[in-house]
**Student:** 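Quick one: the structure is below, questions incoming.
Positions are given from 1, in the same order as the sequence printed here.
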Amino acid sequence: MKFSTIVAALVGSAIANPIPEAEESKALEKRQTINYVQNYNGNLASFSYNEAGGNIYAKWNNPSDFVVGLGWSTGTANRVINFGGQYTSTSSGYLTVYGWINNPLTEYYIVENYSYDPCTVSGSQTVGSVTSDGSTYKICKHTQVNQPSITGTATFGQYFSVRQSKRSSGSVTLANHFNAWKASGFQASNFNYQVFAVEAFGGSGSASLLVSG
């Protein structure tokens, strides 16, 4: 009885106070439709997905490098990415926001869960920290020399935020990280694709996730 009363009240309120078309349009613009599938060596992870629904599925066992996920063909500094589900990894893996800047050519990660800390790789430089979305993130940068990129083999910079309180569900406020990285030379413009992804280059694991933004 209480449920029916509440529903009736809500329906009546919605009819009496319809959402203005302009406000509804703005809300739809903010919920940008996923339009990009990241599928680098997805066969190594038995990768499958539902682009319309925002679902990612992967399962792997001692792969070489793969990066799979869903997102947007053009990135932005203002997006908040929501994700949730199940993720396990025994070693050499990330659950991460992942993307590229076209010029200067830059690869970036906001790592939410991991079995390998990318800031421990040889040549990485820890340059600070940022607090966002309920945790502190370590910030590091690295230069890749003559490595695969979106333009072919190239030399380019990498930026990482690595969450200290690991999680498999939540929201990622990208602007907080990009603003913190600026002090170390990051330029938040001229974006290429931007996704929420699973990467691994060893170990075993699985992921079943829902992504939106």
Side-chain angles (χ1 to χ4, degrees), residues 10-11 14-15 17-60 66-87 93-103 105-114 132-134 137 149-151 159-161 163 167-181 186-200 206-213:
L10 289 173
V11 170
I15 294 172
N17 300 288
I19 300 172
E21 289 185 8
E23 290 185 14
E24 187 174 16
S25 176
K26 288 179 181 178
L28 290 172
E29 286 178 7
K30 289 181 180 179
R31 299 192 300 273
Q32 295 180 331
T33 302
I34 287 172
N35 63 3
Y36 187 85
V37 179
Q38 168 67 23
N39 188 358
Y40 176 72
N41 289 337
N43 59 300
L44 300 177
S46 300
F47 175 49
S48 62
Y49 60 91
N50 178 343
E51 184 175 348
N55 303 98
I56 300 169
Y57 308 98
K59 188 173 183 179
W60 60 95
F66 71 81
V67 187
V68 298
L70 293 175
W72 300 268
S73 58
T74 302
T76 175
N78 299 317
R79 182 170 284 126
V80 176
I81 296 178
N82 305 302
F83 69 99
Q86 170 270 332
Y87 169 79
Y94 314 136
L95 184 65
T96 184
V97 174
Y98 175 68
W100 286 85
I101 300 292
N102 290 311
N103 186 23
L105 187 62
T106 307
E107 183 181 37
Y108 62 86
Y109 294 78
I110 303 171
V111 182
E112 295 294 307
N113 203 336
Y114 52 96
S132 182
D133 302 308
Y137 292 73
S149 79
I150 55 172
T151 62
Y159 284 80
F160 297 85
S161 283
R163 188 178 176 94
R167 60 179 180 169
S168 299
S169 299
S171 298
V172 187
T173 306
L174 272 59
N176 293 343
H177 299 272
F178 294 161
N179 288 334
W181 296 350
F186 183 81
Q187 297 183 32
S189 61
N190 201 6
F191 285 92
N192 204 287
Y193 67 80
Q194 186 175 78
V195 299
F196 194 82
V198 179
E199 177 171 6
S206 63
S208 177
L209 300 163
L210 177 64
V211 178
S212 65

**Student:** Between atom CD of Glu112 and atom OG of Ser171, what is the distance when rounded to the nearest 0.5 Å?
**Tutor:** 9.5 Å

**Student:** Donor-acceptor check, side chain of Ser206 to backbone of Ala58, threshold 3.5 angstrom: yes or no?
**Tutor:** no

**Student:** When rounded to the nearest 0.5 angstrom, what is the spacing between CZ in Phe178 and CD1 in Ile101?
**Tutor:** 6.5 Å

**Student:** For residues 42-60, which residue pairs pass the side-chain hydrogen bond (donor to acceptor under 3.5 Å, both in side chains) check, not counting sequence neighbours?
**Tutor:** none

**Student:** Using a 3.5 Å cut-off and no angle test, enumerate the donor-acceptor pairs between side-chain atoms of residues 67-77 and protein atoms at least two apart in sequence or in another chain.
**Tutor:**
from	atom 1	to	atom 2	distance (Å)
Trp72	NE1	Gln32	O	3.1
Trp72	NE1	Thr33	O	3.4
Ser73	OG	Asn35	ND2	3.4
Thr76	OG1	Asn78	N	3.2

**Student:** How would you list, by chain and number, every residue that makes a side-chain hydrogen bond (donor to acceptor under 3.5 Å, both in side chains) with Ser168, sequence neighbours excluded?
**Tutor:** Asn113

**Student:** Short question: side chain of Tyr114, backbone of Arg163 - any donor-acceptor pair under 3.5 Å?
**Tutor:** yes

**Student:** What heavy-atom pair brings Phe66 and Asn41 nearest, and what distance separates the two atoms?
**Tutor:** CB-O, 3.3 Å

**Student:** Which residues pass the side-chain hydrogen bond (donor to acceptor under 3.5 Å, both in side chains) test with Ser161, sequence neighbours left out?
**Tutor:** His177, Trp181

**Student:** From Leu105 CG over to Ile150 CD1, what is the distance, rounded to the nearest 0.5 angstrom?
**Tutor:** 5.5 Å

**Student:** Kindly say whether Gly42 contributes a backbone atom to a donor-acceptor pair with the side chain of Asn39 at under 3.5 angstrom?
**Tutor:** yes

**Student:** Got Ile110 and Ile81 here, is their nearest side-chain heavy-atom distance under 4.5 Å?
**Tutor:** no

**Student:** Between the side chains of Asp133 and Thr173, does any donor sit under 3.5 Å from an acceptor?
**Tutor:** yes

**Student:** Who passes side-chain hydrogen bond (donor to acceptor under 3.5 Å, both in side chains) against Glu199, sequence neighbours left out?
**Tutor:** Tyr109

**Student:** List in chain and number order the residues that pass side-chain hydrogen bond (donor to acceptor under 3.5 Å, both in side chains) with Gln38, two or more places apart in sequence or in another chain; answer none if no residue qualifies.
**Tutor:** Tyr193

**Student:** Quick one: pull up CZ in Phe83 and CG in Leu95 and give me the separation to the nearest 0.5 Å.
**Tutor:** 5.5 Å

**Student:** Answer yes if the side chains of Gln194 and Tyr108 hold a donor-acceptor pair under 3.5 Å, and no otherwise.
**Tutor:** yes

